[in-house]
Amino acid sequence: MQPDLPPRSRGVIALFEENCTVCMLCARECPDWCIYIDSHKETVAAEGGGRPRVRNVLDRFAIDFALCMYCGICIEVCPFDALFWSPEFEYAEYDIAELTHEKERLREWMWTVPPPQAHDPAAEPPKEIGAAEKAAARAARRPPPGGPPGPPGSRR
């Protein structure tokens with residue numbers, strides 16, 4: 001029987017490969033250097049003509065859990081939400097060399113990642129939402145371009 005884990009427990013790091021852009025931030029910021037990434041560049045034709053684009057394609061993403069200290073820096077610095085904490089904790093191996101898990105194994109753990117906790121309803125809304133609401137209110141008070149002129153002597 002598995003124990004009831006706290007909602008933010010750290011088990012193993014899971015990879016959502018579709019979100020990874022091979023920016024290498026996680027590997028550069030890792031204090032243990034336990035993340036290994038290999039990639040290649042691929043040229044993609046632009047739809048509707050235009051200049052072709054070059055993008056990075058992920059070939060290898062591996063984490064050596066024998067070295068990992070589970071600090072979570074890689075998850076925090078990922079700007080594209082490709083890394084997550086999974087509550088899985090039973091991944092012991094008989095040989096320490098087998099604790100380096102490749103992207104296929106990291107992907108399997110992605111499906112065990114719990115959904116994010118709901119926002120606190122009593123919390124203040126984010127500043128970006130407040131700024132957007134103020135801008136929308138100002139735009140609603142402003143007369144449309146080419147509309148009727150304002151009172152004499154007023155500026156538009």
Taken in chain and number order and not counting sequence neighbours, the residues that satisfy ring-ring contact (aromatic ring centres under 6.0 Å, His included) with Tyr36 are none

Hey, any chance Met24 and Ile13 share a hydrophobic cluster, counting ILVMFWY side chains that come within less than 4.5 Å of each other, even indirectly? yes

For the backbone of Tyr70 and the side chain of Arg10, can you confirm whether one donor and one acceptor N or O come within less than 3.5 Å of each other? yes

Does Glu104 form a side chain to side chain contact (heavy atoms under 4.5 Å, CB included) with Glu17? I'd like the steps, not just the answer. CA-CA 9 Å; Glu104 293 78 21; Glu17 188 177 341; 5.9 Å; no

When every non-hydrogen atom of Leu83 is compared with those of Cys26, the smallest separation belongs to CD1-CB, 3.9 Å

Between Cys23 and Arg28, the two heavy atoms sitting closest are O-NH2, 2.8 Å

Find out if a path of hydrophobic residues (ILVMFWY) with successive side-chain heavy-atom gaps under 4.5 Å connects Phe84 to Leu106. no

Donor-acceptor pair, Asp81 side chain versus Asn19 backbone, under 3.5 Å? no

Nearest heavy-atom neighbours spanning Ser39 and Leu58: CB-CA, 4.3 Å

Derivation of the side chain to side chain contact (heavy atoms under 4.5 Å, CB included) call for Trp109 and Leu15: CA-CA 8 Å; Trp109 288 318; Leu15 170 69; over 6 Å; no

Are there over 12 heavy-atom neighbours, none belonging to Ile96, within less than 6.0 Å of that residue's CD1? no

Cluster question for you: counting only ILVMFWY and a side-chain heavy-atom cut-off of under 4.5 Å, with indirect links fine, are Ile73 and Ile37 together? no

Using the side chain to side chain contact (heavy atoms under 4.5 Å, CB included) rule, pick out the option among Cys30, Cys78, Pro79 that qualifies with Leu25. Pro79

Val22 and Met110: same hydrophobic cluster, using ILVMFWY side-chain contacts below 4.5 Å? no

Which heavy-atom pair separates Tyr91 from Glu88 by the least distance, and what is that distance? CE2-O, 4.0 Å

Roughly how far apart are Arg55 CZ and Thr21 OG1, rounded to 0.5 Å? 11.0 Å

Single-linkage hydrophobic cluster, 4.5 Å side-chain cutoff, Phe16 and Ile63 together: no

For residues 45-54, run the donor-acceptor check on the side chains, cut-off 3.5 Å, and write out each pair with its distance to 0.1 Å, sequence neighbours left out.
none

Is the backbone N or O of Thr100 less than 3.5 Å from a side-chain atom of Arg105, with the two atoms forming a donor-acceptor pair by type? no

For the SG atom of Cys34 and the CZ atom of Phe65, what is their distance to the nearest 0.5 Å? 7.5 Å

Quick one: does Phe89's side chain get under 4.5 Å of Val12's, heavy atoms only? no

